Amino acid sequence: MSRLHVVHTTSFRYASPVTASYNEARMTPLSQPGQSVLETRLEVQPHTWMSEHRDYWGAHVTVFEVLTPHESLVITSEHRVEIAPRRDVRSETTWEHLRSPELRDHLAEFLADTSTTQAPPEVAELAARVAEGLEPSQAAVAVCAALRDELEYVPGVTAVHTPASEAWAARTGVCQDMAHLAAGALRSIGIPARYVSGYLHPVADAIGETVVGESHAWVEWWSGEWHPYDPTNRTVAGERHVVLARGRSYDDVPPLRGIYAGAGTIDLEVQVRITQEA
């Protein structure tokens with residue numbers, strides 16, 4: 001059992017006062033089997049109105065607006081989350097079941113391409129070749145490993161909306177690119193896959209030490225049940241991963257999205273601090 005204390009701060013500073021700002025944040029972890037949110041708060045300075053709801057994909061969304069002139073905006077989300085060890089897989093399925101009309105209809109949204117996850121022909125061919133002769137879950141792990149072997153982790157080369165095809169062409173990217181590529185590759189061979197956004201504590205067994213954490217992305221595929229897997233780190237997503245939201249791609253689950261009236265942003269700072277508590 002792991003208990004993580006996460007503080008995620010996003011600060012904007014503008015060139016001149018902004019007169020209006022409308023935003024939505026997906027920065028509150030999900031309570032779900034294996035992950036319990038013990039405490040949570042989201043604070044916005046300044047703000048004039050705030051409400052909460054669940055979106056179509058099940059994410060916790062905080063909507064807020066600022067209708068007074070402001071030169072800066074600071075969003076702080078703080079959470080304590082308890083994460084249980086991932087249990088052994090209880091249910092597997094066959095390729096025949098994955099190809100059944102009923103299953104393909106039920107999980108159609110996680111089998112369809114998006115503009116950022118569509119697998120280039122070369123990736124689809126690699127996935128088909130690697131998966132040959134393997135059962136679905138084994139194939140999924142092998143496909144993720146094969147893609148990771150081809151990509152170098154290089155920050156700053158891509159952005160969150162970069163199509164998987166561009167990251168593949170450059171053979172570089174970060175966790176979002178690897179999650180997009182993995183989702184597209186798995187869908188191309190008929191395995192439903194979804195994109196997961198959240199946090200990763202980067203150090204194992206660092207109890208009591210506050211470290212600079214990461215906003216992170218990984219995937220879950222369905223082969224009898226949903227399997228969480230971190231292709232960037234070649235591992236099952238486990239006790240150091242905190243789930244914020246799920247969707248087809250990053251476009252469904254951005255931590256923060258909004259519009260404002262005023263001059264451009266001259267400074268943006270994002271900091272994630274994570275402490276593993278005893």
Side-chain angles (χ1 to χ4, degrees), residues 1-13 25-45 59-60 62 72-87 144-145 148 151-160 167 172-180 182 195-220 227-246 250 253-256 267-278:
M1 187 77 69
S2 173
R3 182 174 292 186
L4 300 179
H5 177 206
V6 182
V7 181
H8 181 177
T9 306
T10 303
S11 303
F12 296 89
R13 189 161 59 91
R26 290 170 176 80
M27 300 171 72
T28 300
L30 297 176
S31 282
Q32 60 180 30
Q35 177 172 295
S36 299
V37 180
L38 306 177
E39 298 177 30
T40 184
R41 73 177 181 94
L42 192 146
E43 181 179 282
V44 180
Q45 293 294 336
H60 184 115
T62 302
S72 65
L73 179 66
V74 180
I75 303 101
T76 303
S77 59
E78 182 175 8
H79 322 285
R80 279 188 167 82
V81 184
E82 194 169 74
I83 306 166
R86 302 298 183 193
R87 59 176 175 75
C144 289
R148 184 65 179 90
L151 259 72
E152 182 181 2
Y153 187 95
V154 181
V157 176
T158 58
V160 291
T172 58
V174 291
C175 58
Q176 288 92 348
D177 304 296
M178 295 175 191
H180 282 152
Y195 181 101
V196 187
S197 74
Y199 302 113
L200 171 65
H201 190 300
V203 183
D205 300 321
I207 295 176
E209 178 185 354
T210 298
V211 300
V212 176
E214 303 174 11
S215 291
H216 198 54
W218 59 98
V219 295
E220 293 175 345
H227 300 259
Y229 191 82
D230 181 348
T232 303
N233 294 298
R234 306 173 188 267
T235 185
V236 173
E239 291 179 75
R240 294 189 290 127
H241 293 74
V242 178
V243 177
L244 281 177
R246 299 179 175 89
Y250 176 89
V253 296
L256 189 64
D267 187 43
L268 167 61
E269 182 179 351
V270 179
Q271 182 183 68
V272 178
R273 291 173 294 144
I274 305 180
T275 307
Q276 183 175 357
E277 300 180 339

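Sequential numbering from 1 along the given sequence is applied to the chain's residues. Not measured: the values here are computed from a predicted model.
Using a 4.5 Å heavy-atom cutoff, the side chains of His201 and Val211 are in contact. Contact annotation: the side chain of Thr232 approaches that of His216 to within less than 4.5 Å [non-hydrogen atoms, C-beta and beyond]. Residues Pro231 and Trp218 are in side-chain contact: their nearest non-hydrogen atoms beyond the backbone lie under 4.5 Å apart. Between Asn233 and Leu200, some side-chain heavy-atom pair lies under the 4.5 Å cut-off. Side chains of Phe12 and Ser72 form no contact here, defined as non-hydrogen atoms less than 4.5 Å apart.
Here the closest heavy-atom approach between residue Val253 and residue Ala245 is recorded as CG1-CB, 3.6 Å. Taking all atoms of both residues into account, the shortest heavy-atom contact from Arg234 to Tyr229 is C-OH, 3.3 Å. Counting all heavy atoms, side chain and backbone alike, Ser215 lies closest to Val272 at OG-CG2, 3.9 Å. For His79 against Arg41, the heavy-atom pair with the smallest separation is CE1-O, 3.9 Å. Nearest heavy atom pair, residue Pro228 against residue Val236, reads O-CG1, 3.5 Å. Shown here for Val154 and Val174, the closest heavy-atom pair between the two residues is O-CG1, 3.8 Å.
For Asp267, the CG atom counts as densely surrounded, since its 6.0 Å shell holds more than 12 non-hydrogen atoms of other residues, nucleotides or ligands.
Between the OG atom in Ser36 and the CZ atom in Arg3 there is a gap of 9.5 Å [rounded to 0.5 Å]. Here the straight-line distance linking atom CZ of Arg273 with atom NE2 of His5 works out to 8.0 Å at 0.5 Å rounding. Note that the OG1 atom of Thr28 and the CG atom of Leu42 stand 5.5 Å from one another [nearest 0.5 Å]. Expressed to the nearest 0.5 Å, how far CG of Leu244 lies from NE2 of His8 amounts to 8.5 Å. Distance CZ/Arg246 to CZ/Arg26: 14.5 Å, rounded to 0.5 Å. Between atom OG1 of residue Thr9 and atom CD of residue Glu269 there is a gap of 8.5 Å, rounded to the nearest 0.5 Å.
Side chain of Gln35 to main chain of Val243: a donor-acceptor pair is present (N/O by atom type, distance under 3.5 Å, no hydrogens or angles). At least one donor-acceptor pair closer than 3.5 Å links the side chain of Glu239 to the backbone N or O of Met1.
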Problem - Evaluation steps, side chain to side chain contact (heavy atoms under 4.5 Å, CB included), between Leu151 and Met178 - result: CA-CA 8 Å; Leu151 259 72; Met178 295 175 191; 4.0 Å; yes
